[in-house]
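Because the structure is predicted, anything quoted here is derived from the model rather than measured.
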Amino acid sequence: MGILDDDLFEQQNESGASREPDYRPSQDYAPRKRRIWPIVVLLVVAIVLSSLIGYWVGQSNGINGDMPLLVEAYELLKQYYIEDISFEEFQLYATAGMLGQVDRFTGVYDLTPLNEERAVYGLSFQQAVVRANPLTYGMFISEVREGTSAASVGANRMFRSDGSVYYNVSDVRMQRGDRIAYMSPTKVTSPNPFFASSQLIDMTNVSVAQLSDYVDTADRYITVYVQAQAEIDGTAETVLYEFIIPKRVAKERAAFYYSPSEIGSTDTAMIRFTEFTEQGLQDYMECLESFVEDPASPSKLILDLRDNGGGNVLVCGAVVGSLLQDSAPKQVMRLNSNAGYGKMEEYYVDSDRDVELGSRETPKMYSLPHMASKVPGFRVAILCNGNSASASEATIGALTHYDNVPLIGTKTFGKGVSQITFTFEFNRTMYEMYITNGYFYVPGYDESGNTVFTRNLHGNGFEPTGDNLIRDTSVRPYDRDPYVVRALQTLA
């Protein structure tokens, strides 16, 4: 029986008769009920205080509280900018700008073609984001050779720095080293394209892959504006030449093969390599095949890494492996990187000629030949300049260390940091964010003559010495290019 049943049994025995039990609360229960009110009051006070604290924190730690200048700048931009701008766009501006201030290799850039409407005014939103790109370099026309259809294309007009237009300049030819400034996938017919055309795409800092994508959007012809030096009335000026050229002429590659006759030699060929990417590796392999099958049977190779800003370290390792005299794998570089929240990892890149690239879903294996095993007497020389950076410098470090390969040109860029890449979507547009997360080290010798990886070339780079240091940077055909001429002398 329960407790209440026991109480009822005792009440029946005392009175001799059954009576209804009194279910009214006894005095023992009253104090317990009154103790709940202080708890309720404390809870209400706590909720109110937490709300007030949350509001205060939000006001003091939000953009309005901590970044009043940013808010004011946005309001003024909205008020006086030539066209309206959303706060979402402004966020991306601010993010790219702030990341770019961390270091020149940390930043955000757009993975889609430039916004054509904003490009009309030279105020391209995407262009501002692109400026935070890891390594800024000019896109150069590197496939133009004497006797080709591209070299014979004449300029339609010339635009001076003040915007004035010169006609009848068809005798001007495209040449290697001319920098692409703007491009349109159509024929531009207006007298001044920079104010009257909505088709122009800013070519500043674009990669080879991006340039190929832009060219692919064209039908048959494209309009290319090339930035070059010209002498007008005895004064040197930076001008823009307008070329309307066939799509097939402008199609860009990442590696180009030049036979001995094209560079003024009988036994030396050249490969111009512009970026260490998967596409670059494919083009480089085709160039090696052309070298082996060349009827002139060249035995020496000039590797032109001028204006090569780097790329994938695995591609770098494979390229080094294909050119080393020893076929056995060697360590090309040491990477020290932050895997996240300060957890440092050490990783060595080897000269592995078998490299897997592509995506996780569709990986692809590439196998490069060992050139010294295929070509008797095979030797290499490297060309470099101030835009040779990152993986290019790692390639230079390995080949000059293990094989004492001669280096010809000017001092390299000096990029000894590595980046981790993240892809994200913002307002239905894809972006890539680069974050500097480590350093890489190239091989050298210690006091005992052992190979060690203690040299970080960030801010220093490689500088050719003696007669291999080229001070004449004039753009000329390859058979008169001072870099190439010196490389041929060195290999001879």
Side-chain angles (χ1 to χ4, degrees), residues 103 105 135 273 276 301 303 305 308-339 342-355 368 370-373 378-420 436-470 487 490-491:
D103 69 74
F105 308 108
L135 182 61
F273 195 28
F276 287 83
L301 174 67
L303 180 65
L305 295 179
N308 186 323
N312 192 311
V313 295
L314 297 179
V315 175
C316 167
V319 170
V320 170
S322 69
L323 300 178
L324 285 174
Q325 291 294 321
D326 191 348
S327 61
K330 297 184 182 299
Q331 292 176 328
V332 174
M333 70 171 83
R334 174 171 65 91
L335 286 171
N336 273 29
S337 58
N338 185 348
K343 182 182 178 183
M344 301 303 294
E345 292 183 339
E346 186 178 86
Y347 174 74
Y348 283 88
V349 177
D350 294 328
S351 58
D352 192 348
R353 298 190 303 276
D354 296 327
V355 57
L368 275 70
H370 182 239
M371 297 300 291
S373 301
F378 180 74
R379 292 170 57 201
V380 181
I382 300 177
L383 306 184
C384 64
N385 65 4
N387 291 322
S388 304
S390 194
S392 288
E393 292 174 299
T395 301
I396 292 170
L399 290 174
T400 55
H401 173 76
Y402 291 115
D403 286 348
N404 199 26
V405 168
L407 183 64
I408 296 99
T410 58
K411 186 177 181 180
T412 63
F413 185 89
K415 179 181 181 290
V417 292
S418 60
Q419 285 73 39
I420 187 171
T436 298
N437 72 320
Y439 294 87
F440 71 83
Y441 300 83
V442 295
Y445 293 109
D446 62 12
E447 295 179 354
S448 302
N450 300 315
T451 296
V452 293
F453 289 81
T454 56
R455 180 184 178 185
N456 177 261
L457 47 85
H458 195 59
N460 298 311
F462 291 96
E463 185 169 13
T465 58
D467 292 337
N468 289 349
L469 179 61
I470 306 297
T490 303
L491 289 173

Requested in this report: Measure across Pro464 and Gly409 and return the closest heavy-atom pair with its distance rounded to 0.1 Å.
Outcome: CG-O, 3.4 Å
Report task. Determine yes or no for a side-chain-to-main-chain donor-acceptor pair under 3.5 angstrom, with Gln325 supplying the side chain and Phe378 the backbone. Result -> yes
Query raised in the report: Is any side-chain heavy atom of Val380 less than 4.5 Å from a side-chain heavy atom of Asp403?
Result: no
Query raised in the report: Is Lys415 reaching over with its side chain to a backbone N or O of Val417, donor-acceptor style, under 3.5 angstrom?
Result: yes
Query raised in the report: Does the Ser388 side chain pair with the main chain of Thr412, one donor and one acceptor, at a distance under 3.5 Å?
Result: no
**Report entry** Taking every non-hydrogen atom, the tightest pair across Ile396 and Leu305
**Finding:** CG1-CD1, 4.2 Å
Query raised in the report: Looking only at atom types and distance, does a side-chain atom of Glu393 sit under 3.5 Å from a main-chain N or O of Gly414, one as donor and one as acceptor?
Result: yes
Query - Heavy-atom closest pair, residues Gly416 and His458 - result: N-ND1, 2.9 Å
Query - Side-chain donor or acceptor of Ser392 paired with backbone N/O of Asn308 under 3.5 Å - result: yes
Query - Gap between atom SG of Cys384 and atom CD of Glu463 - 0.5 Å precision - result: 9.0 Å
Query raised in the report: Taking C-beta and beyond as the side chain, do Cys316 and Val332 meet within less than 4.5 Å on heavy atoms?
Result: yes
Query - Donor-acceptor under 3.5 Å (Asp350 side chain, Asp352 main chain) - result: no
Report task. Specify the closest pair of heavy atoms between Pro406 and Asn468, including all atoms of both residues, with the distance to one decimal. Result -> CB-ND2, 4.4 Å
**Report entry** CZ-CG distance between Phe440 and Asn456, expressed to the nearest 0.5 angstrom
**Finding:** 7.0 Å
Report task. Decide yes or no for Thr451 and Tyr445: does some side-chain heavy atom of the first lie under 4.5 Å from some side-chain heavy atom of the second? Result -> yes
Query raised in the report: Would you call Leu301 and Leu323 a side-chain contact if the rule is heavy atoms closer than 4.5 Å?
Result: yes
Report summary line: One should read off an interatomic distance between Ile382 CD1 and Ile408 CD1, to the nearest 0.5 angstrom, of 8.5 Å
Requested in this report: Could you grab the distance from atom CG of Asn338 to atom CE of Met344, nearest 0.5 Å is fine?
Outcome: 5.5 Å
Report task. Give, for atom CG of Leu399 and atom CG of Leu324, the distance between the pair rounded to the nearest 0.5 Å. Result -> 5.5 Å
Report task. Identify the heavy atoms of Thr410 and Gly386 that sit nearest to each other, and give their distance. Result -> OG1-N, 3.5 Å
Query - Expected output: side-chain Lys330 to main-chain Gly321 donor-acceptor under 3.5 Å - result: no
Query raised in the report: Heavy atoms, side chains only, cut-off 4.5 Å: are Asp326 and Tyr402 in contact?
Result: no
Requested in this report: Grab the two heavy atoms, one from Ala487 and one from Leu383, that are nearest each other, plus how far apart they are.
Outcome: CB-CD2, 3.9 Å
Report summary line: OH (Tyr441) and OG1 (Thr454) are apart, to the nearest 0.5 Å, by 9.0 Å
Query raised in the report: For the side chain of Arg334 and the backbone of Phe453, is there at least one donor-acceptor N/O pair under 3.5 Å apart?
Result: yes
